[in-house]
Amino acid sequence: MALLQRCQPAGLARAARAPARVAPCGTACRGTLRRTAGLPPVAGAIKAAAPVVAPAAASRRLAVSTRASASGAAAPPAKPFKWGADMKNLAICIGVGAALALCPAPAGVSAQAWNLLAIFTGTIVGIITTPLPLGAVAMLGLGVAMLTKTLTFAEAFSAFSTEIPWLIAIAYWLAGGFIKSGLGNRIAYSMVAAFGKTTLGLTYSLVFGEALLSPAIPSVAARAGGIFFPLAKALCLACGSDPDKGTQRKMGAYVMKTCFQTTTVSSAMFITAMAANPLAVNLAAAEGIAISWGTWALAGLVPGLICLTTVPLILYALYPPETKDTPDAPQAARKELDKLGPMSRDEKITAAAFLVTVSLWIGGAALGVNSVAAATVGLAILLVTGVVSWKECLSNNAAWDTLTWFAALIAMAAYLNKFGLIPWFSNSVVEVVSSLGLSWQPAFGIIVLLYFYSHYFFASGAAHIGAMYTAFLAVATACGAPGMLAALALGQVSNLMGCLTTYGIGSAPPYFGAGYVAQGDWLKLGFILSVYYLAVWTGCALTVWKAIGIW
């Protein structure tokens, strides 16, 4: 301390001992405050040219500054209000449903059935315009149905205990393991190495691979959603087409839309390719028309092969991929396969899980194992071995959203039938067509068109067949159409009509839910292809089927 005192300049020491003088400005006050607080003086702080601020003015400024700071801290600026929904589109949905509800119910239709039709129509408009995510739209529809006492809670949520929505959700979770383990990439790179010179070649390999399995797997949701959807998605991701990165049109949008559309064709070709086909066969048998597996397959072979071959080309022209030719892709894919090396533990487990699941899908009927139970076995293997976690399943938003909106639509469509609206519609069509006095060919054409496009009001092929197949078959034969022709045509187009919407068949939700294809494109292309399917199928029905002796 003494050394420090000796080192201080004498003037500085005297200044420290001298009493403070009052300065004509605030600088002396600041110096006094610093000495009072025991702080050293700031060099150069007192300058003659410094502005003079009156103590009273300084106090006022300090008070104003303090109040402003306190006000800003206590009340940050409020964020502008923002709606959670597109209010214009939501108003359209509500307006359509309300307008229909206010119209008087036709004779023969109960008020309950008519109200449910209004709610269902408003929900479908919401599914199309998407003022909210699809699951939220469906929940609002169910909420209105319960609030108006059109449906009870048990009725509104009845489809959540049915097979197809859960099968689709489990297919999403299986797809997660397929991709996470790396098995999806390995198979995708193998396919690229074999067929990858063009996007079209890759797509055809998926299309015909699915068609080859269709006679053996009687659930289109299981076949498309559980096997080929994860494979197609892995293939698209491996080729750099990812909707999360804005590259969905690179190739993924084309691949996903094409693979979905051809699932409706393969389902129509064989009795065992779709779970609802045996229902159509049984209903035809009740009308005295016996359809064998071979007869159905023979009838579906020619139109089916025509559509499987041409639909990828049609979509290639209408909805082309940005990347068409990839001459270097096979070599690049082989390099990626070399980098992957031998199969990992998780890949082997995933392959075994899929093998077990597919085997149960093929032969489970003989053991009494349904499609959901088979899929659950595969999922259990992946969960127990740690290939996927339940937390990952819970975080799969697309799976839960699809489960919600698809189950909601199935429930409402089912109760439209139970409340008598669909039978009333069928009977009305029968009366109108019968009264026209047409020959059987144009009458049959009208019947097929009405049967086909009424599927906009159905979320299940089985529900549509159960509600309308018998009535439309009866009016077709009453108008003079050959029984076998009418039974086969109505049975097979019961699969093709799933092409129309995102909810009309079990293969639609997973492919649409992947996010590659916008809903407007999905509906537009579905309608265009529906016209093509009907032209091919009815043309073959009247010519090829006649030539080979089916009728």
Side-chain angles (χ1 to χ4, degrees), residues 171-172 175-176 178-180 182-212 223-266 307-337 339-340 398 499 502 507-526 528-529:
Y172 273 102
F178 194 80
I179 293 171
K180 179 185 174 184
L183 180 62
N185 278 343
R186 184 178 297 277
I187 297 176
Y189 286 135
S190 299
M191 293 184 67
V192 172
F195 309 103
K197 290 185 177 181
T198 64
T199 298
L200 195 60
L202 286 172
T203 305
Y204 270 116
S205 67
L206 290 169
V207 166
F208 280 96
E210 190 272 337
L212 286 172
R223 187 174 69 250
I227 301 173
F228 285 91
F229 163 67
L231 178 56
K233 185 175 181 180
L235 179 61
C236 295
L237 294 175
C239 293
S241 184
D242 186 350
D244 292 337
K245 298 178 181 178
T247 56
Q248 63 270 21
R249 289 302 302 271
K250 184 175 182 180
M251 68 171 289
Y254 166 75
V255 170
M256 289 292 182
K257 184 60 176 173
T258 305
C259 287
F260 160 69
Q261 283 292 333
T262 53
T263 62
T264 67
V265 175
S266 60
C307 290
L308 289 177
T309 304
T310 56
V311 165
L313 295 175
I314 293 171
L315 287 174
Y316 196 77
L318 297 177
Y319 198 57
E322 293 174 353
T323 301
K324 298 179 176 66
D325 297 318
T326 53
D328 299 327
Q331 184 178 358
R334 292 186 190 98
K335 289 181 180 179
E336 293 297 328
L337 285 172
K339 291 179 183 178
L340 289 177
C499 75
T502 61
S507 56
Y511 280 110
F512 173 69
Y516 281 89
V517 184
Q519 186 163 227
D521 292 334
W522 189 281
L523 296 172
K524 177 182 68 177
L525 294 169
I528 292 171
L529 287 173

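Quick caveat, the model's predicted, so the values are computed rather than measured.
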Got a second to check how far Thr203's OG1 is from Leu313's CG, nearest 0.5 Å?
10.5 Å
Find the distance between OG (Ser266) and CG (Leu308) and round it off to the nearest 0.5 Å.
6.5 Å
Quick check: closest heavy atoms across Pro321 and Tyr254, and the distance to 0.1 Å?
CD-CG, 3.9 Å
Arg334 side-chain N/O to Ala193 backbone N/O, donor-acceptor pair under 3.5 Å:
yes
Any idea which heavy atoms bring Pro327 and Pro330 closest together, and the distance?
O-CD, 3.5 Å
Looking at Lys180, I want to see if its NZ is surrounded by more than 12 non-hydrogen atoms of other residues, nucleotides or ligands under 6.0 Å.
yes
So Leu200 and Phe195, do their side chains get closer than 4.5 Å, heavy atoms only?
no
Interatomic distance, CD@Glu336 vs NZ@Lys339, rounded to 0.5 Å, equals 4.5 Å
Got a sec: does the NZ of Lys233 have more than 12 other heavy atoms crowding it under 6.0 Å?
no
Should the pair Phe512 and Trp522 be assigned to parallel (<30°), tilted (30 to 60°) or perpendicular (>60°) ring geometry?
perpendicular
Could you tell me if the side chain of Tyr319 sits less than 4.5 Å from the side chain of Arg249, heavy atoms only?
yes
Report the distance from atom CE of Met251 to atom OG1 of Thr258, rounding to the nearest 0.5 Å.
10.0 Å
Check the pair Thr309 / Phe208 against side-chain contact (heavy atoms from CB on, under 4.5 Å), numbers first and verdict last.
CA-CA 9 Å; Thr309 304; Phe208 280 96; 4.1 Å; yes
Answer yes or no: is there a side-chain heavy-atom contact under 4.5 Å between Lys324 and Thr198?
no
How far apart are the closest heavy atoms of Ala224 and Thr263, and which atoms are they?
CB-CG2, 3.8 Å
When rounded to the nearest 0.5 angstrom, what is the spacing between SG in Cys307 and CD1 in Ile314?
7.5 Å
Ala238 to Tyr189 - nearest heavy-atom pair and separation
CB-CE2, 3.8 Å
Looking only at non-hydrogen atoms, find the nearest pair between Tyr511 and Ala232 and report the distance.
CE2-CB, 4.5 Å
From CD1 (Ile187) to CG (Leu235), nearest 0.5 Å:
11.0 Å
I'd like to check Ser241 versus Tyr516 (side-chain heavy atoms, cut-off strictly below 4.5 Å). Are they in contact?
yes
May I ask you to test the Leu315-Leu525 pair for a side-chain heavy-atom distance under 4.5 Å?
yes
